[in-house]
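Heads up: the structure comes next, in structure tokens.
Note: hydrogens, waters and symmetry copies are ignored here, and every other heavy atom, side chains too, is used. The sequence lines fix the lettering, A, B, ..., with proteins before strands; numbering per chain opens at 1.
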2 protein chains.
Amino acid sequence: MDLKQIYRDYIDCLNERAWSHLGTFVADYVTHNDNPLGLSGYRKMLEQDYAGIPDLRFNVELMISEYPNLGSRLRFDCSPTGVFLGLPVNGRRVSLHENVFYEFDNNKIVRVRSIIDKAALEAQL
Amino acid sequence: MDLKQIYRDYIDCLNERAWSHLGTFVADYVTHNDNPLGLSGYRKMLEQDYAGIPDLRFNVELMISEYPNLGSRLRFDCSPTGVFLGLPVNGRRVSLHENVFYEFDNNKIVRVRSIIDKAALEAQL
């Protein structure tokens, strides 16, 4: 199956906060930066992200796919309400990027290796 | 041409500090995180990296290629001598990752979009 189409649907799922569908895209045993979150922990992480960033929206700037991996550069224009990545953003409008690699198995994400551009965020505060 | 092979040769060039060969892999008008460094500015950036991190070595953990783009997850086990990414590393041995996307034109890198995991570095200090 086309990983890019799966990924686009996954991003739609996040932007719609359609948590009950998350398991369609994310495997039960998913890891995030080597942390064995599992699907429930992954969902909790995303729910916490949205709780702290009510206007969070995932924008895909770049997608590179080579089975079984997909790389993506995401852009966020958002206003974290309090402390984000250890920084006192306190509702300011900021723009930041995430470069992230996903490994798929059986059409589901099993491994996420993500870096958020904290240095660029700091420069905006 | 195979972007992965070009990229492996580029990484060898960096690890050998073969700066006179950098123009084989990097275009004159290269940009780095939207900064129009050009080849000379790019070389200067790398030389400064090596000056501040004498034991710097690029290790490719993951490569994803889809023409004209390539994504890479790099790992560094190194000892920055002073302040690195604004943090007082002061010679400590640290491990960090960079997730980076390259765009190629005419077999040369024309655009680099890089994020280094500063948060993970902070956690080690």
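- More than 12 heavy atoms of other shown residues, nucleotides or ligands fall within 6.0 angstrom of atom CG in B:Asp2.
- A continuous path of Ile, Leu, Val, Met, Phe, Trp and Tyr side chains, each step under 4.5 Å between heavy atoms, connects B:Phe58 with B:Leu70, placing both in one hydrophobic cluster.
- Separation of atoms CG (A:Asn69) and CD (B:Glu66) is listed at 12.0 Å; rounding is to 0.5 Å.
- In the displayed structure, A:His21 atom NE2 is contacted under 6.0 Å by at most 12 heavy atoms of other residues, nucleotides or ligands.
- B:Val83 and B:Leu96 are assigned to two separate hydrophobic clusters, defined by single-linkage of ILVMFWY side chains at heavy-atom distances under 4.5 Å.
- Put simply, the side chain of A:Asp117 never gets that close to the backbone of B:Ile115: no donor and acceptor are under 3.5 Å apart.
- Both the backbone and the side chain of B:Ile64 come within contact range of chain A, judged by heavy atoms closer than 4.5 Å.
- The backbone N or O of A:Phe101 lies less than 3.5 Å from no partner atom in the side chain of B:Asn99, so there is not a single donor-acceptor pair.
- Expressed to the nearest 0.5 Å, how far CZ of B:Arg73 lies from OG of A:Ser114 amounts to 8.5 Å.
- For the pair B:Arg113 and A:Glu61, the minimum side-chain heavy-atom distance is below 4.5 Å.
- Tracing side-chain contacts under 4.5 Å through hydrophobic residues (I, L, V, M, F, W, Y), one reaches B:Val26 starting from B:Tyr67; they form part of the same cluster.
- Expressed to the nearest 0.5 Å, how far NZ of A:Lys118 lies from CG of B:Leu121 amounts to 10.0 Å.
- Using a 4.5 Å cut-off between heavy atoms, B:Glu122 touches chain A through its side chain atoms alone.
- Hydrophobic clustering keeps B:Ile116 apart from A:Leu62 (ILVMFWY residues linked when any side-chain heavy atoms are closer than 4.5 Å, directly or through intermediates).
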